[in-house]
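Structure record follows, encoded as structure tokens.
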Amino acid sequence: MKNIIIIVLVIFCFSNGIAQQLETSTTKEQPNVLVFYVDDLRAELGCYGSETAITPNIDKLAGEGVLFNKAYTQQAICAPSRMSTLTGLRPETLGIYSIFTPLRKVHKDVVSMPQLFKANGYQTVSIGKVYHQSNDDKENWTLHFKKEGNTYNKPEYATILERLKKEGKPIKGPAFEAADVDDEAYKDGRASKYAIETLQKIKDDKFLMFVGLSKPHLPFNAPKKYWDLYDKNNFKIPSREKPKGAYRLALTNWGELKGYYGIPQEGDLDDDLTRDLIHGYHASISYIDAQVGKVMKTLEELDLRKNTMVIFMSDHGYKIGEYGAWCKHSNVEIDVRVPLIISRETGYKERVTGKASDALVENVDIFPTLVDLCGLEGPKSDGKSILSVINNPNEKWDEVATSVYARGKNIMGCTATDGEWRYTEWRDSVTNEILQAELYEHKNSLLSFVNLIGNSKYNEVERRMKKLLEQQFPRDKPFLQNDIPRKR
């Protein structure tokens with residue numbers, strides 16, 4: 001009898017051990033995923049070496065994972081960029097280049113990230129600005145908190161908005177506001193609140209959660225306490241010099257900013273207004289940094305961090321006065337390079353922390369990376385998993401990263417970088433005739449002021465970069481265009 005009891009105990013312990021191993025294995029193979037998807041954020045963060053930005057929470061996250069120095073978006077505008085991230089398909093594959101065409105208006109059968117994860121038993125959560133068109137793909141989110149509009153909290157600004165409305169002027173409100181209010185008085189504070197409440201509700205389920213933080217997108221509206229972190233007079237005025245020899249449509253007239261009340265319609269902005277806007281951009285960054293901190297604190301308190309990969313990313317870069325220009329909407333380095341931080345779940349034994357990678361990676365790689373991480377069978381993708389780079393930041397990786405930007409229906413700008421040089425061709429969208437090319441050096445800076453095309457000193461660089469570009473954009477392949485013209 002004694003021997004039988006011992007055998008039963010051994011079998012029980014062995015079975016229990018196997019069950020625990022299986023549970024651990026399952027947990028390891030299918031972690032949760034939390035993505036902070038930020039709007040209009042360039043690599044203006046403390047962890048990226050910024051001398052001005054105050055971002056302690058994002059910097060802490062970088063210390064808990066891998067910071068990518070050379071991450072790139074596929075197009076420097078919200079809608080196509082976000083569609084590319086959420087489908088793993090480039091804009092030239094989707095044929096959508098504007099903010100006016102929803103994904104599902106054109107592509108009914110493309111399998112999106114929330115669609116795949118939901119089909120595999122994940123709670124899929126969209127909070128704030130994830131897709132540009134908030135209702136796009138809505139049925140594939142288990143929980144969907146719609147993107148909110150901008151709000152102003154100062155009474156005098158409300159008066160301005162009401163007056164503009166009565167006058168029938170299609171002008172948005174002021175370009176910035178610093179009201180003495182709590183975080184939740186603006187939409188990103190509410191987004192973090194919804195994220196925290198949702199994490200508490202779904203903590204026992206596996207989940208894919210996107211927290212879409214709208215700042216530092218215009219208007220630069222943030223609580224006064226974040227403005228108070230900075231002294232406006234300490235901000236330097238960027239050079240307004242434009243790249244010599246640039247294509248005539250390489251930059252824009254930054255009509256997005258000019259659509260806000262109080263912004264001059266002609267000429268460069270004066271130094272005082274420039275500093276106000278740079279101040280507002282930084283205040284907005286510190287504001288969203290605080291929201292990241294709140295959500296991460298909740299993740300820790302709920303003991304979810306051990307099984308949750310965290311990604312911090314932006315849809316594209318941004319100009320705050322560089323080249324005498326503002327906003328995004330171009331193929332220049334400062335617009336297509338993005339911050340990207342990926343921190344593996346703390347329970348992962350081989351987790352890498354506090355490292356930076358110079359690997360050329362792209363936002364289109366995020367979907368296949370998460371498919372790989374979670375052991376799913378994903379759809380065909382234009383990107384590829386960078387999980388091995390996250391685990392080994394020094395791994396040799398791709399030779400090139402590419403982006404596009406259309407100028408209307410007739411002109412397409414396609415661009416490639418090897419991490420040091422940027423080569424761009426502006427082409428006829430139908431014939432692929434090259435209208436003009438650009439070559440810029442970016443070994444030590446996000447900015448470059450001379451187009452080196454045709455300079456004999458750089459002939460070999462030009463040939464090599466042209467070859468890399470044409471791997472993605474062959475001259476015999478027309479650009480797919482599924483954009484629906486904007487209704488007037």
Side-chain angles (χ1 to χ4, degrees), residues 37-44 52-53 73 75-82 98-100 128-130 132-134 147-154 157-158 160-161 164-165 169-179 181 183 185-191 212-224 226-227 230 232 235 238 251-265 268-270 272-289 291 314-330 332 334-335 338-339:
Y37 206 177
V38 185
D39 202 349
D40 282 9
L41 178 66
R42 65 197 204 165
E44 189 74 46
T52 49
T73 189
Q75 188 175 343
I77 188 173
C78 297
S81 168
R82 290 165 180 267
S98 78
I99 62 172
F100 305 108
K129 186 174 180 179
V130 180
H132 178 74
Q133 310 285 349
S134 187
K147 176 180 72 173
E148 297 183 29
N150 291 307
T151 55
Y152 292 85
N153 288 285
K154 288 188 173 182
Y157 284 9
I160 291 172
L161 286 168
L164 292 171
K165 185 178 179 181
K169 293 182 178 178
I171 300 289
K172 298 176 183 177
F176 53 88
E177 181 186 73
V181 293
D183 286 8
Y186 294 113
K187 58 184 176 181
D188 284 335
R190 295 190 290 273
L213 298 171
S214 294
K215 299 299 111 179
H217 192 289
L218 285 164
F220 303 144
N221 294 355
K224 181 177 178 295
Y226 299 107
W227 288 74
Y230 303 91
K232 166 185 168 179
F235 291 111
L251 298 172
T252 72
N253 293 322
W254 34 283
E256 180 183 6
L257 176 59
K258 291 176 182 176
Y260 285 84
Y261 177 80
I263 302 298
Q265 299 301 297
D268 291 327
L269 302 187
D270 63 35
D272 192 56
L273 181 53
T274 294
R275 282 197 174 90
D276 280 334
L277 290 166
I278 295 174
H279 191 178
Y281 188 80
H282 281 73
S284 297
I285 292 172
S286 291
Y287 172 46
I288 63 109
D289 176 81
Q291 310 319 306
S314 174
D315 54 358
H316 43 70
Y318 203 77
K319 296 181 292 296
I320 49 174
E322 294 84 5
Y323 303 134
W326 297 81
C327 308
K328 54 272 186 182
H329 309 118
S330 86
V332 298
I334 201 168
D335 284 354
V338 292

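Scope of the values below: all heavy atoms of this structure, side chains included, with no hydrogens, waters or symmetry mates.
Partners of Lys232 by salt bridge (charged side-chain N to carboxylate O under 4.0 Å, His left out), not counting sequence neighbours, listed by chain and number: Asp272, Asp276. Residues that satisfy the salt bridge (charged side-chain N to carboxylate O under 4.0 Å, His left out) test with Arg275, not counting sequence neighbours, are absent from this structure. Partners of Lys147 by side-chain hydrogen bond (donor to acceptor under 3.5 Å, both in side chains), not counting sequence neighbours: none found.
With a 4.5 Å cut-off on side-chain heavy atoms, Ser330 and Lys319 count as touching. Within the 4.5 Å cutoff, side-chain heavy atoms of Ile77 are placed close to those of Ile99. Here the side chains of Ser286 and Tyr230 are in contact, with some heavy-atom distance below 4.5 Å. Counting only heavy atoms from C-beta outward, the side chains of Lys187 and Asn150 approach each other to under 4.5 Å. Thr274 is listed as a side-chain neighbour of Ile278, based on a closest heavy-atom distance under 4.5 Å.
Shown here for Gly212 and Ala191, the closest heavy-atom pair between the two residues is O-CB, 4.4 Å. Contact detail for Lys129 and Ser214: the closest heavy-atom pair is CB-OG, 3.9 Å. Nearest heavy-atom pair, Gln75 versus His316, reported as atom, atom and distance to 0.1 Å: O-CB, 4.2 Å. Listed here is the closest heavy atom pair of Leu164 and Tyr261: CD1-CD1, 4.0 Å. Between Ser284 and Asn221, the closest heavy-atom pair is OG-N, 4.2 Å. Here the closest non-hydrogen pair linking Asp335 and Cys327 is OD1-O, 3.6 Å.
Side chains of Ser314 and Tyr37: a donor-acceptor N/O pair is absent below 3.5 angstrom, by distance only. Thr52 and Glu44 form a side-chain donor-acceptor contact under 3.5 Å, judged by distance and modelled atom types alone. Tyr226 and Asp289 share no donor-acceptor pair across their side chains, judged by distance under 3.5 Å alone.
The CD1 atom of Ile288 lies 14.0 Å from the NE2 atom of His217; values are rounded to the nearest 0.5 Å. Remark: Leu269 CG to Leu277 CG distance equals 6.5 Å, nearest 0.5 Å. Rounding to the nearest 0.5 Å places CD1 of Ile263 at 8.0 Å from CG of Leu218. Put simply, CH2 on Trp326 and CG on Asp268 are 10.0 Å apart, with the number rounded to the nearest 0.5 Å. Rounded to the nearest 0.5 angstrom, Trp254 CH2 and Lys328 NZ are separated by 14.5 Å. Note that NE2 of His132 is 9.0 Å distant from OG of Ser98, once rounded to the nearest 0.5 Å.
Arg190 places a side-chain N or O within donor-acceptor distance of the main-chain N or O of Ala185, the cut-off being under 3.5 Å. At distances below 3.5 Å, not a single donor-acceptor pair connects side-chain atoms of Arg82 with backbone N or O atoms of Gln133. A donor-acceptor pair under 3.5 Å links the side-chain atoms of Tyr287 to the main chain of Tyr186, judged by distance alone. Remark: the backbone N or O of Ser81 is not paired with any side-chain donor or acceptor of Thr73 at under 3.5 angstrom. Not a single donor-acceptor pair under 3.5 Å links the side chain of Tyr152 to the backbone N or O of Leu161. Here the side chain of Asp315 pairs a donor or acceptor atom with the backbone of Asp40 at under 3.5 angstrom. In this structure, the side chain of Asp188 engages the main chain of Lys215 through a donor-acceptor pair within 3.5 Å. The main-chain N or O of Glu177 is found under 3.5 Å from a side-chain atom of Trp227 such that the two form a donor-acceptor pair.
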*Residue pair Arg42, Ile334: steps toward the side-chain contact (heavy atoms from CB on, under 4.5 Å) verdict*: CA-CA 7 Å; Arg42 65 197 204 165; Ile334 201 168; 3.0 Å; yes

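A ring pair (Phe, Tyr, Trp, His ring centres under 6.0 Å) with Phe220 is found for one member of Tyr260, Phe176, Tyr281 and no other, namely Tyr281.
Counting heavy atoms of neighbouring residues, nucleotides and ligands inside a 6.0 Å radius, atom CG of Asn253 does not exceed 12 of them.
Checked for salt-bridge contact, Lys172 and Glu256 miss the test: no charged N lies under 4.0 Å from a carboxylate O.
Between His279 and Phe235, the two ring planes are tilted [angle within 30° to 60°].
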